[in-house]
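This is the structure I have questions about; it appears just below.
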Number of protein chains: 2
Amino acid sequence: MTKRNVTKLTTVASNPKPAGSDTDRLVDELRRRIVTNEMPPGSRIRENELAEEFSVSRSRVRDAFGILEERGLIERIPNKGAVVMRLEADSFLELFDVREVLEGLMVRLATQNTEPEYWDDLINLFGDDLGKAVEDNDFNAYMAAIAQFRQGCIEAAGSDTLRGLLDDIYDRVLSMTRRLMLVPGRASEGFRQHQEILRAIQAGNADRAEELKRDNIRSARQWFLKYNDFLL
Amino acid sequence: MTKRNVTKLTTVASNPKPAGSDTDRLVDELRRRIVTNEMPPGSRIRENELAEEFSVSRSRVRDAFGILEERGLIERIPNKGAVVMRLEADSFLELFDVREVLEGLMVRLATQNTEPEYWDDLINLFGDDLGKAVEDNDFNAYMAAIAQFRQGCIEAAGSDTLRGLLDDIYDRVLSMTRRLMLVPGRASEGFRQHQEILRAIQAGNADRAEELKRDNIRSARQWFLKYNDFLL
DNA sequence: GCATATTATATTGTTGACAATATTATTGGC
DNA sequence: GCCAATAATATTGTCAACAATATAATATGC
């Protein structure tokens, strides 16, 4: 089997697309506000306010809303307006199920497409230093590392289709992921799981890497289920 | 584990949503024309034409285009217009990968959520009569049965998130699926695979059902790979 | 004072006109 | 006849005004 030669980790993209059109700029900025909880679920979003703030016509705002709605980030009720999507426990469980198989696919493809050296940086990143940071509850460092892991895997997987699906799902669950990290014990478990996954990937064991990633999501699901009263 | 009591197979929805708004009607109709190849890939779609044909303003057409673009059914080039998305072989392979894991998940959840009786109708449908039909190259009968299978599984899986993803993917690959069916041997193989999957599901063997469904998609992928020169 | 009806306000939905851009047709030079 | 430059047309992009609807405020009957 020929392997794609992916040698360089792209820098973690804080803003995925600089974007050209007004509509794109709006989508990106609103997306950011939603996933960072700057606009928490249930927030009402008025077309006029945004149009004024961004100095664009309401039509552009409207177009952006259409895209965000299709991505499941906002909900539009006819003649009433748009609100940031509020997810119930059921939806999160459904998303965990989907993430399980898609992220499993991601690491499988990533393993198949790369040489072991590709993973040196990530293996290094998920070393003792990060372990210490996790024990010290340095969640920012851990979140950043997870983002790097994601980025590296998606890049290596090389499937735009998969990337699109994962990006959409990521946006929807990011704020929950951040909260889940606070649950005592979850972060360090996740850290160890990622170490193990990375070892399997570098060893070229695609099946095991996929299985481990699926285990990883399933365990996150379990933690969510146990603590969802506090998390939602 | 408690099982959801899904007792009735919903009739196969020829038109998923009757839909209320003009935009929704447009989306549904355009979707239909695209997936049936009435508008083949590469077709130019003009906003004015559609606006006139459906007696709506261009704005509605524009909104519909936004949705279809987000779903990956059309492509919009700024100041040039919209064309029906044309998929390359690579995209189809990516879609096969994603389908493999998502449809695997679908049958796993469907198995876990239902009692054996739920599947009596489908087991019956995939009986000797349909087998004969397949041997006689009655592709319409087979396509209809496959649609029923899908519908029953998605219903039983009970995940709106998964349903949404599968519906999107389905739209993108439908015309290819129809062509793939023409490849000598593929239909009868697919038929037998579905019989086996249904048996595993009814036996309550979720893991095996998932694995068999994944095998099913993988084999379809292989056929596509072998004959893609004729199929694209 | 409370519930209901009515008016006023705010917000979203829709449209047609106009601007910007690309495509096609025409002209002129050689 | 062929190519380039220019004009004419067609198509998409944007906007601001207007309509429809929902929400809030006010008035009215009891």
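Chain letters run A, B, ... following the sequence lines, proteins first, then strands; residues in each count from 1. No experiment lies behind these values; they were computed from the predicted model shown.
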Roughly how far apart are B:R172 CZ and B:L95 CG, rounded to 0.5 Å? 5.5 Å
B:K80 vs B:D63, nearer the 5' end of DNA chain C by closest nucleotide: B:D63
To the nearest Å, how far apart are A:D22 CG and D:dA16 C1'? 16 Å
Separation of C:dT12 atom P from A:F65 atom CZ, nearest Å, is 7 Å
Which of the following nucleotides, C:dT12, C:dT14, C:dT21, is nearest to the side chain of B:N79? C:dT21
C:dG16 phosphate, OP1 or OP2: any side-chain N/O from B:R58 under 4.0 angstrom? no
From CD of A:E47 across to C1' of D:dA16 the rounded distance in Å is 14 Å
Is the terminal nitrogen or CZ of B:R150 (NZ for Lys, CZ for Arg) located under 6.0 angstrom from the six-membered ring centre of B:Y170 and within 45° of that ring's axis? yes
For the side chain of A:S59, counting heavy atoms from C-beta on, which of C:dT12, D:dT12, D:dA16 is nearest? D:dA16
Whole-Å distance, B:E75 CD to D:dT12 P, equals 15 Å
Tell me whether the OP1 or OP2 atom of C:dT15 has a side-chain N or O from B:R60 closer than 4.0 Å. yes
To the nearest Å, how far apart are A:E49 CD and C:dA10 C1'? 11 Å
Enter the distance from B:D63:CG to B:S21:OG here, rounded to the nearest 0.5 Å. 8.5 Å
Measure from the side chain of A:R46, starting at C-beta and using heavy atoms only, and say which of C:dG16, C:dA22, C:dT11 lies closest. C:dT11
Distance in angstrom units between A:R44 CZ and C:dT12 C1', rounded: 9 Å
By nearest nucleotide on DNA chain D, pick out whichever of A:P78 and A:T23 is the more 5' one. A:T23
Which whole-number value in Å describes the distance from B:N48 CG to D:dT9 C1'? 13 Å
Between the main-chain N or O of B:L225 and the side-chain N or O of B:N228, is there a donor-acceptor pair closer than 3.5 Å? yes
How many whole angstroms separate atom CZ of A:F54 from atom P of D:dT14? 16 Å
For B:E100, which of B:K213, B:R214, B:R221 qualifies under side-chain hydrogen bond (donor to acceptor under 3.5 Å, both in side chains)? B:R214
